[in-house]
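Let me begin by presenting the structure, written as structure tokens, before commenting on it.
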Amino acid sequence: MNNSNEDEKLARQKILIVDDKEANLFALEKILKNIDADVVQADCGNSALAEVLTHEFSLILLDVRMPGMDGYEVAKHLQGDRQTKNIPIIFVTAEYPDEEHVFRGYDVGAIDYLLKPYVPKILLSKVRVLLEMDRTRNELQQHRDSLEQIVSKRTAELQESRQTALEMRDDALLAKEKIEMFQFSLDHSVNAVFWVNPDASFSYVNIAACENLGYTEEELLKLSVYDIDSTFYPENWSNVWKELDEQKEMRFESVYQMQNGETFPVEVTVNILSFKEKEYICIYSNNITDRKQKEEQFLQVQKMHSIGQLVAGVAHDFNNLLQIINGYADIARSQIASQKDPSVSIDEIATAGGRANKLIQQLLAFSRQQVIKKEGFNLNEEIQTFQKMLRPVIGEHVEFEFIEDKAAGVVFADKGHVHQVLVNLCVNARDAMPDGGVLTMQTESITIGTADLKKYAWAKPGDYVLLRVRDTGCGMEPETCKKIFEPFFTTKNERNGTGLGLSTVYGVLKQNNGHINVTSEPDKGTEFNIYLPVSTAHSTQHATSTEENQKSVEGGVETLLVVEDDAMILDLSKEFLESAGYEVLSATNGEEAVLIFQEHADEIDGVIMDVVMPRMGGKDAMKKILMIKPQTRHLFVSGYSPNAGHNDFIKKQGAHLLSKPYRSGELLTKIREVLDEE
């Protein structure tokens with residue numbers, strides 16, 4: 001029964017009077033008119049039972065002698081029903097009840113007898129007492145129901161009353177068990193859980209948090225959120241609280257640092273909670289290493305798809321370079337034959353070779369795995385160079401314009417990652433403009449100070465280059481903009497989109513301490529704002545000119561073993577080295593190299609070893625050589641990207657690597673560095 005019905009019941013009680021004489025019913029109702037209760041009449045036993053089925057009565061005045069069903073039978077029926085057994089019954093009789101009838105009446109549920117004729121005051125007194133008792137009982141029942149509701153919500157209040165605790169013992173035990181189950185599930189959750197105080201220290205950490213980070217609970221509780229997550233730092237901590245007050249919840253990806261220094265990616269949910277009149281930031285984090293690995297696999301497929309779109313443009317440029325190289329080679333031959341100076345033609349060949357090398361490096365930047373290699377570079381120059389490669393991606397129907405801020409500083413990031421971001425955004429812009437439009441890139445130099453951190457909550461104070469990528473395409477709804485960076489969310493169909501493009505862009509920029517956001521309106525286009533940190537400690541690396549490559553490099557008189565399976569490259573390397581004064585021994589595979597080294601181990605001062613060769617590769621061959629002479633100086637050379645799987649062992653060993661194609665000066669400088677290394 002709900003509370004409104006309970007209140008109605010307490011406000012207006014009902015009395016059932018049962019007598020087969022109409023005059024008696026009239027007299028009783030007249031006596032009871034001053035009682036604050038509704039009076040219901042019944043002229044026989046069956047009628048009385050029917051009324052009890054439809055109404056709740058606080059008291060029944062029941063005549064004993066009635067035709068058909070007498071009062072005892074009526075009382076017996078009421079006593080046998082769980083809903084009516086507790087209704088107080090006063091028997092009213094015209095005969096003085098003997099002891100036998102009195103006990104019979106009590107046995108069937110009566111609580112009193114009134115002998116006709118009765119004194120109205122006595123009747124009223126007894127009725128008032130019984131109604132008051134019924135009201136008190138109902139109030140107590142209502143109070144008990146209210147307590148049960150309170151206890152179910154706040155079991156801690158059971159301690160306020162010992163009597164209440166005894167009555168609610170079963171509920172309390174159940175509530176305690178639920179709390180223990182909740183605490184157990186929280187402690188043993190697969191997700192790390194942190195309760196963070198306003199000063200960024202930890203108030204609570206669960207078992208998963210300790211295991212994921214490699215700390216004991218005692219050790220972790222002595223740290224702060226700054227120690228494990230670089231997303232948070234003292235300058236922006238107060239802004240996090242303000243933003244949570246407004247948004248109630250924040251979701252983002254970050255990287256946690258373990259006690260041993262290792263890091264792993266996490267998906268973080270942050271919200272504010274109040275407990276015992278104190279506010280905490282509650283952080284739930286999920287280790288997403290597996291998901292990131294899958295995303296990287298998808299990313300590789302996506303990058304290869306991008307390379308496929310670039311092939312036409314690259315092939316065009318590469319064929320032009322080959323034309324220059326082959327053409328000037330023919331001219332150089334004729335000049336030599338006619339005893340003319342071929343140096344100009346040779347310089348042109350060298351310049352074209354450098355441009356070809358740069359094209360290859362750009363392709364490798366796309367195809368290599370996600371190994372971060374940050375460097376300082378000028379974003380304006382990078383976009384200028386990259387424009388030719390972007391043209392096949394965006395198509396002839398899209399107009400491209402670049403507005404550069406010449407004062408923009410040098411950014412410090414992974415250049416391959418930036419290339420990847422540019423291609424991804426350009427592909428999206430192209431797809432948003434199927435009937436043509438304008439794609440604009442614009443750079444701008446900005447400074448984010450401490451006062452700006454409320455607007456740029458993700459940032460650390462400092463200088464940034466802002467790159468705007470705008471299109472005049474179909475645009476997006478606000479709800480779509482909110483989800484655009486979520487993994488596997490895509491507005492494209494299944495064949496044209498994996499839903500990983502922009503989430504990868506977001507993750508890549510975070511890895512490079514950058515940020516991206518989006519603004520868009522339907523039919524008005526889209527603008528992505530990319531923020532990359534400026535580094536004053538790193539300067540732009542420009543390609544070395546032909547003249548610089550050809551300046552004299554210090555040679556030597558040491559004996560070197562050169563191992564290379566390509567005969568032309570082997571002869572070229574020998575020529576470079578011998579012309580610089582070195583004695584050169586050569587081998588065309590790893591097995592031959594080991595045999596030659598065994599014969600000349602005392603003579604050989606250094607080894608130049610190709611990584612990938614038939615019969616025995618450079619890794620295994622060098623391992624055998626070092627077993628013969630452990631201190632042998634060595635340099636690996638490879639035609640693969642420095643980050644390719646073939647070359648992983650070189651990075652792990654801290655060995656030297658020279659990537660093909662290399663110029664004579666680069667080879668001589670590098671081998672001199674290896675031989676002179678202390």
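Basis for what follows: all heavy atoms, side chains included, without hydrogens, waters or symmetry-related copies.
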Please confirm whether the backbone N or O of [Y] pairs with a side-chain atom of [X], one donor and one acceptor, at under 3.5 Å?
{"X": "Ser520", "Y": "Gly525", "value": "yes"}
{"X": "Asn287", "Y": "Thr289", "value": "yes"}
{"X": "Ser125", "Y": "Lys121", "value": "no"}
{"X": "Asp227", "Y": "Ser224", "value": "yes"}
{"X": "Trp237", "Y": "Pro198", "value": "yes"}
{"X": "Asp70", "Y": "Met66", "value": "no"}

State the [atom1]-[atom2] distance between [X] and [Y], to the nearest 0.5 angstrom.
{"X": "Ile228", "Y": "Thr263", "atom1": "CD1", "atom2": "OG1", "answer": "13.0 Å"}
{"X": "Phe202", "Y": "Tyr215", "atom1": "CZ", "atom2": "OH", "answer": "9.0 Å"}
{"X": "Arg470", "Y": "Asn529", "atom1": "CZ", "atom2": "CG", "answer": "9.0 Å"}
{"X": "Glu139", "Y": "Asp134", "atom1": "CD", "atom2": "CG", "answer": "10.0 Å"}
{"X": "Thr472", "Y": "Asp435", "atom1": "OG1", "atom2": "CG", "answer": "10.5 Å"}
{"X": "Leu62", "Y": "Thr93", "atom1": "CG", "atom2": "OG1", "answer": "10.5 Å"}

Minimum-distance pair of heavy atoms, taken over all atoms of [X] and [Y]:
{"X": "Val268", "Y": "Ser285", "answer": "CG2-CB, 4.2 Å"}
{"X": "Ile89", "Y": "Leu78", "answer": "CD1-CD1, 3.9 Å"}
{"X": "Pro88", "Y": "Ser58", "answer": "CD-O, 3.2 Å"}
{"X": "Leu131", "Y": "Ala37", "answer": "CD1-CB, 4.2 Å"}
{"X": "Cys282", "Y": "Val193", "answer": "SG-CG1, 4.4 Å"}
{"X": "Asn86", "Y": "Arg137", "answer": "O-NH2, 4.2 Å"}

Are [X] and [Y] close enough that some pair of their side-chain heavy atoms sits under 4.5 Å apart?
{"X": "Ile15", "Y": "Ile35", "result": "yes"}
{"X": "Glu253", "Y": "Arg291", "result": "yes"}
{"X": "Arg12", "Y": "Asp36", "result": "yes"}
{"X": "Met258", "Y": "Phe264", "result": "yes"}
{"X": "Gln41", "Y": "Glu29", "result": "yes"}
{"X": "Phe528", "Y": "Val421", "result": "no"}
{"X": "Val52", "Y": "Leu16", "result": "yes"}
{"X": "Thr216", "Y": "Leu220", "result": "no"}

Greater than 12 external heavy atoms within 6.0 Å of Lys126's NZ: yes
Asp38 and Gln13 side chains, donor-acceptor separation under 3.5 Å: no
Donor-acceptor pairs under 3.5 angstrom involving side-chain atoms of residues 42-51: please list them, not counting sequence neighbours.
none

Step-by-step side-chain contact (heavy atoms from CB on, under 4.5 Å) determination, Asn206 to Glu217: CA-CA 8 Å; Asn206 71 345; Glu217 182 180 2; over 6 Å; no
Criterion side chain to side chain contact (heavy atoms under 4.5 Å, CB included) against Ile17, the qualifying member of Asn24, Val40, Leu32: Leu32
Option from Leu123, Leu130, Val129 for which side chain to side chain contact (heavy atoms under 4.5 Å, CB included) with Val127 holds: Leu123
Derivation and outcome, side-chain contact (heavy atoms from CB on, under 4.5 Å), residues Phe194 and Ser203: CA-CA 8 Å; Phe194 308 85; Ser203 177; over 6 Å; no
side-chain contact (heavy atoms from CB on, under 4.5 Å) assessment of Gln257 paired with Asp229: CA-CA 7 Å; Gln257 181 168 324; Asp229 189 346; over 6 Å; no
Aromatic plane relationship, Phe91 with Tyr113 - under 30° parallel, 30 to 60° tilted, over 60° perpendicular: tilted
Tyr464 and Tyr531 aromatic ring geometry - parallel, tilted or perpendicular at 30°/60° bounds: perpendicular
Test log, rule side-chain contact (heavy atoms from CB on, under 4.5 Å), inputs Ile283 and Ile281: CA-CA 6 Å; Ile283 299 176; Ile281 281 185; 3.9 Å; yes
